[in-house]
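Note sheet for the following structure.
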Amino acid sequence: MTNGTTQLTRLRTRMLAAAYSNTDFWVQRTAFVTDQAVAALARRDSTAAEALAASLMRVEPLHDTQILGAAVEAGIDTSSWEERREKIRTYARDAYELSPKSDPATEAGRVWASLYDNYPQIAAALAAFLRELPPTWREDLFTTSPHSPAARRTASELPGPETAPYDPLDWEDCPACSEAQDQCRYHRGVFAGMEFQRDLITTALTDHAAIDQLQQRHTELEAKAAQSAASDASTPTT
């Protein structure tokens, strides 16, 4: 306890501030879920919650034995975890080791391996397509002529595209997100839509001009519905 502030309060302050301020979906979600779990524990056992908060506030590296021990205690099957971790590490792009413009040969190998692993029929069709290219494919497709489309393209600062399939129902186990080491294109779009929806809801709840317009529109729709119902009721049936 520091200056009368409990470790639980310090932890919750940090978690909720991170959930509110951070733009990364996973950081937001993890911080908020952690806060809610600790808060639920505090309502049942404040002493245990304070001890847990103190342990979480200590910055220490996690070891496999700690994680696996907790999983065994909870009765969780971990038989597939090692394979999952190795696959994620295979796709990992460490920002401290790879420049934004990753090596084309490395990216090509990664894309091919992922395509072969997830879509073998497409990989076979692609291989057949590439074999049929004429001997002049490099000059035809990647010429440096100032008048060619290829010459006008600029090198992308983005990493190569993910080729693993996305999972629309499972954010945490999405193969495409694992490959990208970030949100995949599908989940990035979903998150952008959620952010847009949140902004609309926030505006509707806090902007007085928007509230007045919504109320006016609601009144108009109610009046129109009542008028339509009255018209239907007055129309004789045959």
Side-chain angles (χ1 to χ4, degrees), residues 5-6 8-44 46 49 52-53 56 88 91 93 95 100 114 118-119 122 149 152-154 156-238:
T5 304
T6 64
L8 178 61
T9 301
R10 292 177 60 202
L11 175 65
R12 295 203 63 191
T13 300
R14 181 174 296 183
M15 292 297 99
L16 291 174
Y20 182 82
S21 305
N22 205 287
T23 58
D24 185 271
F25 172 83
W26 302 111
V27 174
Q28 282 186 315
R29 182 173 177 81
T30 301
F32 185 71
V33 169
T34 301
D35 169 79
Q36 293 298 290
V38 175
L41 175 62
R43 288 191 290 269
R44 298 178 63 89
S46 58
L52 176 61
L56 291 175
I88 291 174
Y91 291 136
R93 300 189 185 97
S114 179
N118 294 292
Y119 303 101
I122 296 178
R152 294 192 291 271
R153 296 181 187 140
T154 57
S156 173
E157 293 290 338
L158 299 175
E162 68 272 2
T163 51
Y166 64 82
D167 189 334
L169 302 179
D170 195 335
W171 294 68
E172 296 183 356
D173 288 332
C174 173
C177 289
S178 297
E179 181 182 350
Q181 285 295 290
D182 196 353
Q183 292 175 325
C184 67
R185 287 168 291 179
Y186 172 82
H187 286 126
R188 191 179 298 115
V190 171
F191 179 66
M194 292 170 61
E195 285 287 285
F196 180 73
Q197 184 182 48
R198 186 182 71 172
D199 291 342
L200 288 179
I201 295 173
T202 301
T203 300
L205 294 176
T206 59
D207 188 294
H208 294 295
I211 292 173
D212 292 340
Q213 291 178 1
L214 287 173
Q215 290 177 338
Q216 180 181 354
R217 181 58 176 162
H218 180 67
T219 302
E220 293 173 354
L221 291 175
E222 281 190 329
K224 185 177 181 180
Q227 183 180 7
S228 177
S231 177
D232 292 341
S234 62
T235 302
T237 58
T238 57

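For the single chain, residues carry numbers from 1 onward in sequence order.
- Taking Gln227 as the reference, nothing meets the side chain to side chain donor-acceptor pair (under 3.5 Å) condition, with sequence neighbours excluded.
- Side-chain contact between Val33 and Gln36: absent, with no pair of heavy atoms (C-beta onward) separated by less than 4.5 Å.
- Nearest heavy-atom pair across Ala49 and Ala42 is CB-CA, 3.5 Å.
- Taking 4.5 Å as the limit, every side-chain heavy atom of Arg12 sits out of range of all side-chain heavy atoms of Met15.
- When side chains are defined from C-beta on, Gln213 does not count as touching Arg217, because their heavy atoms never get closer than 4.5 Å.
- Ser228 places no side-chain N or O within 3.5 Å of a backbone atom of Lys224 that could act as its donor or acceptor partner.
- Taken from CG in Leu11 to CG in Asp35, the straight-line distance is 7.5 Å, to the nearest 0.5 Å.
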